[in-house]
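We name chains A, B, ... by the order of the sequence lines, and we start the count at 1 in each one.
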Amino acid sequence: MKLATWNVNSLRVRLPHLLDWLAANAPDVVCLQETKCEDGNFPSRELEAAGYSGIHHGQRGYNGVAILSRAGGMGVSRGIPAFADEQSRVIAADFDGVRVVSVYVPNGQSVGSDKYAYKLRWFEALAQWLASELAVHPKLAVLGDFNVAPEDRDVHDPLLWEGKIHVSAAERDALRRVVAVGLADAFRLFEQPEKSFSWWDYRMGAFRRNMGLRIDLVLLSPALAALCRSCRIDPAPRRLERPSDHAPVLCELAIP
DNA sequence: ATGGTAGAAACTCTA
């Protein structure tokens, strides 16, 4: 089973890139973030023509998460159950006995802002919910844009970013509490190239200079981590015309 | 300290 996650930064704008990428990589399940479209505008026909069905938790203009799959998901849930949230940031479903969660963690804007406080509250609710999910679903995979670079090696210039949004101690602690429910960062189960990042600012030629962060993660429960055979970032779509600012992350599990 | 770019939407916000 090939899992993937990609913050597409507008599903409608990125649809050609997405369809090409699906054809080239043939993933079984793909988590998307920042679809930025309402459920009524979800491009179901185009995706079905490519062999994928989608479930979507969208909203007008901002946010929006989806999961694409070959066979369709069972037991779809939207949002974090005990956390009232007007923003569409979580969708989950079962695929072949694997519980897959697509998450778009709040950006947080800047340390100390209202959005930062919301981000930290949101993380706490996520951790609590995932702890209960893991108890029910031993095969749990949480994929998405976490908007936190877990460690300094996930940051192109740790000194420049020290204490800033995506890197601050409170955000890293919040992410650590999510991982601590019993999940592994699949990317770090394997040897990886130095300076591997999944997001590069559109500005100042950041991608060309590899000034990025690794903030798009695949978190696996122990049962799935034991089956994980590879995890890598694919920077190819970031080189295209009109790219998303994020690259997709691919993860292979030894599940037929 | 600021500004740089992109997307959605609608003359501004979010990232």
Side-chain angles (χ1 to χ4, degrees), chain A residues 5-21 31-43 46-47 54 56-66 79 85-91 102-123 126 143-150 154-168 170-172 174-175 197-217 233 235-249:
Chain A
T5 181
W6 194 3
N7 179 324
V8 290
N9 187 16
S10 172
L11 180 52
R12 302 231 53 115
V13 170
R14 228 62 66 196
L15 191 58
H17 290 186
L18 177 61
L19 293 173
D20 287 348
W21 193 81
C31 296
L32 302 177
Q33 300 85 35
E34 286 205 86
T35 59
K36 293 187 175 179
C37 72
E38 291 176 296
D39 291 341
N41 293 330
F42 190 78
E46 294 91 330
L47 290 165
H56 188 217
H57 183 33
Q59 70 178 84
R60 179 185 167 89
Y62 304 104
N63 309 312
V65 284
D85 196 351
E86 291 177 355
Q87 306 185 14
S88 299
R89 297 183 173 279
V90 174
I91 190 167
S102 178
V103 303
Y104 176 48
V105 174
N107 175 286
Q109 196 166 63
S110 60
V111 173
S113 66
D114 289 349
K115 292 190 177 69
Y116 183 74
Y118 164 67
K119 180 178 194 173
L120 295 179
R121 280 193 296 116
W122 198 94
F123 253 126
L126 180 70
L143 300 88
D145 176 359
F146 285 78
N147 267 317
V148 177
D154 303 310
V155 180
H156 70 92
D157 185 345
L159 272 178
L160 182 71
W161 281 84
E162 190 173 15
K164 301 250 175 28
I165 196 69
H166 305 308
V167 164
S168 72
E171 290 169 88
R172 283 180 166 170
L175 174 60
F197 308 123
S198 67
W199 169 85
W200 303 260
D201 200 296
Y202 283 121
R203 297 166 287 190
M204 301 178 73
F207 179 67
R208 181 173 47 78
R209 299 150 73 186
N210 198 29
M211 295 169 60
L213 305 176
R214 189 176 70 92
I215 57 178
D216 298 272
L217 309 178
I233 298 165
R238 187 64 176 78
R239 300 191 186 102
L240 302 173
E241 288 286 319
R242 273 193 107 187
S244 168
D245 45 351
H246 295 252
V249 184

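- Not one side-chain nitrogen or oxygen of A/R242 sits closer than 4.0 Å to the OP1 or OP2 atom of B/dT5.
- Across residues 200-209 of chain A, A/Y202, A/R203, A/M204 each have a non-hydrogen atom less than 4.0 Å from an atom of DNA chain B (numbered order).
- With hydrogens and angles ignored, the 3.5 Å screen pairs no side-chain donor or acceptor of A/Y62 with any backbone N or O of A/K36.
- Side-chain nitrogen and oxygen atoms of A/R60 include at least one within less than 4.0 Å of the OP1 or OP2 phosphate oxygen of B/dA10.
- Listed for the A/S10 side chain is a donor-acceptor partner under 3.5 Å among the backbone atoms of A/V13.
- For the pair A/W122 CH2 and B/dA15 C1', the computed distance is 16 Å after rounding to whole Å.
- Although no hydrogens or angles enter the test, the distance criterion places no donor-acceptor pair under 3.5 Å between the side chain of A/R12 and the main chain of A/F42.
- When atom types are taken as modelled, the side chain of A/E171 and the backbone of A/H166 share a donor-acceptor pair closer than 3.5 angstrom.
- Side chain of A/R60 to main chain of A/E38: no donor-acceptor pair is present (N/O by atom type, distance under 3.5 Å, no hydrogens or angles).
- Protein atom CG of A/L240 is 16 Å distant from nucleotide atom C1' of B/dA6, rounded to whole Å.
- With both ends at atom C1', the span from B/dA1 to B/dA6 equals 23 Å, rounded to whole Å.
- Classification of the A/W161-A/W199 ring pair by plane angle, with boundaries at 30° and 60°, yields perpendicular.
- In this entry the distance linking CG of A/N9 with P of B/dA8 reads 7 Å, nearest Å.
- The separation of B/dT5 from B/dA9, taken at their P atoms, amounts to 22 Å, rounded to a whole angstrom.
- Within the 3.5 Å criterion, the main-chain N or O of A/M204 finds a donor-acceptor partner in the side chain of A/R209.
- Exactly one residue among A/D216, A/T5, A/V103, A/I215 makes a side-chain contact (heavy atoms from CB on, under 4.5 Å) with A/F146. That residue is A/V103.
- Rounded to whole angstrom, the span from the CD1 atom of A/I215 across to the P atom of B/dA15 amounts to 12 Å.
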Table of protein N/O atoms under 3.5 Å from nucleotides 12-14 of chain B N/O atoms:
unit_1	atom_1	unit_2	atom_2	d
B/dT14	OP2	A/K115	NZ	3.3

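- B/dG7 sits 15 Å from B/dC11 when the C1' atoms are compared, rounded to a whole Å.
- Counting non-hydrogen atoms under 4.0 angstrom, A/R12 reaches nothing in the nucleic acid.
- Residues satisfying the salt bridge (Lys or Arg N to Asp or Glu O under 4.0 Å) test with A/D154, not counting sequence neighbours, are A/R188, A/R214.
- The distance between atom CG of A/N7 and atom C1' of B/dA6, rounded to the nearest whole Å, is 12 Å.
- As a whole-Å value, the separation of A/K164 NZ from B/dA1 C1' is 11 Å.
- Each of A/T35 and A/N147 lies near DNA chain B, and the nucleotide nearest A/T35 is the one positioned closer to the 5' end.
- Of the residues near DNA chain B, A/G61 and A/H246, the one whose nearest nucleotide (by heavy atom distance) lies more toward the 5' end is A/G61.
- Within the 4.5 Å cutoff, no side-chain heavy atoms of A/D201 are placed close to those of A/F207.
- A straight line from CG of A/D245 to P of B/dA8 spans 12 Å, rounded to a whole angstrom.
- A straight line from CG of A/L32 to P of B/dG7 spans 16 Å, rounded to a whole angstrom.
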